[in-house]
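Worth saying up front: this structure is predicted, and the values here are computed from it rather than measured.
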Amino acid sequence: QVQLVESGGGLVQAGGSLRLSCAASRIRNSINEMGWYRQAPGKARELVAAIGKDGITTYEDSVKGRFTISSDSAKNTVDLQMNSLKPEDTAVYFCYVRVRHVINVEGASYERDYWGQGTQVTVSS
């Protein structure tokens with residue numbers, strides 16, 4: 001099964017930086033997208049940043065200009081550089097990959113997301 005391992009979380013002061021890394025393994029199908037979600041206690045999970053196989057990136061409005069997502073398709077890794085961190089960035093951050101599965105000879109397919117275990121990011125004021 002697909003496995004994702006995250007690293008880089010921790011405790012930082014407001015204004016500090018962290019770099020999250022995620023490595024995916026056992027990928028036997030095409031990856032359409034990789035990215036990061038986050039979830040704070042009592043709140044819904046939200047997309048932080050994503051990068052498609054075409055290299056186009058998407059960012060949640062509150063992190064634009066502060067976070068940068070990057071990926072290496074050859075290594076199946078995705079990183080999230082987080083600068084100028086704020087207390088409201090505190091959350092568990094989950095790495096995901098969106099995989100395309102072909103299901104018949106006509107080429108019909110579906111997408112499935114796979115998730116890491118999450119890494120805690122805490123920003124103190």
Side-chain angles (χ1 to χ4, degrees):
Q1 294 181 339
V2 174
Q3 180 178 346
L4 292 86
V5 179
E6 301 131 322
S7 62
L11 173 64
V12 298
Q13 298 277 2
S17 298
L18 285 173
R19 186 176 183 88
L20 305 183
S21 297
C22 175
S25 62
R26 297 189 242 179
I27 302 293
R28 303 184 64 85
N29 303 96
S30 298
I31 296 176
N32 284 347
E33 182 178 294
M34 306 183 74
W36 296 86
Y37 278 77
R38 67 185 179 187
Q39 187 167 27
K43 296 184 178 181
R45 185 175 297 188
E46 66 176 357
L47 179 67
V48 179
I51 182 166
K53 62 181 180 180
D54 54 7
I56 296 177
T57 58
T58 301
Y59 294 95
E60 196 275 327
D61 286 342
S62 69
V63 309
K64 289 180 179 177
R66 299 188 297 121
F67 292 8
T68 302
I69 189 170
S70 60
S71 66
D72 186 333
S73 59
K75 297 181 179 180
N76 291 334
T77 59
V78 59
D79 291 355
L80 185 67
Q81 178 66 46
M82 304 185 294
N83 298 326
S84 302
L85 283 162
K86 304 175 180 180
E88 51 262 43
D89 295 319
T90 296
V92 177
Y93 285 68
F94 298 89
C95 170
Y96 77 93
V97 295
R98 182 161 295 165
V99 179
R100 174 179 175 265
H101 295 273
V102 177
I103 59 175
N104 60 34
V105 296
E106 288 80 19
S109 65
Y110 68 96
E111 292 182 330
R112 179 178 176 181
D113 291 349
Y114 298 88
W115 300 85
Q117 293 295 310
T119 184
Q120 177 70 47
V121 172
T122 302
V123 184
S124 62
S125 60

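A salt bridge (charged side-chain N to carboxylate O under 4.0 Å, His left out) check over residues 112-125, counting only residues at least two apart or in different chains, returns the pairs Arg98-Asp113. Annotation: ring-ring contact (aromatic ring centres under 6.0 Å, His included) contacts involving residues 5-45, sequence neighbours excluded, comprise Tyr37-Tyr96, Tyr37-Trp115.
Remark: Arg45 qualifies as a cation-pi partner of Phe94 under the 6.0 Å distance and 45° angle criteria applied to the six-membered ring.
Residue Met82 is not grouped with residue Val92 when hydrophobic side chains (ILVMFWY) are merged at heavy-atom distances under 4.5 angstrom, including chains of intermediate members.
Between Asp79 atom CG and Ser7 atom OG the span is 8.0 Å, to the nearest 0.5 Å. Met34 CE to Ile69 CD1: the interatomic distance, rounded to the nearest 0.5 Å, is 8.5 Å. Between the SG atom in Cys22 and the CG atom in Leu80 there is a gap of 11.0 Å [rounded to 0.5 Å]. Between the CD1 atom in Ile51 and the OG1 atom in Thr57 there is a gap of 6.0 Å [rounded to 0.5 Å].
Using a cutoff of 4.0 Å between basic side-chain nitrogens and carboxylate oxygens, Glu33 and Lys53 are not scored as salt-bridged. Using a 4.0 Å cut-off between charged side-chain N and carboxylate O, Lys64 and Asp61 make a salt bridge.
In this model, no donor atom of one side chain and acceptor atom of the other lie less than 3.5 Å apart for Thr68 and Gln81. Glu111 and Ser109 are not linked by any side-chain donor-acceptor pair at a separation below 3.5 angstrom, with hydrogens and angles left out of the test.
Here the side chain of Arg66 pairs a donor or acceptor atom with the backbone of Ser84 at under 3.5 angstrom. A donor-acceptor pair is defined here as one N or O able to donate and one able to accept, closer than 3.5 Å; no such pair exists between the side chain of Glu60 and the backbone of Leu47.
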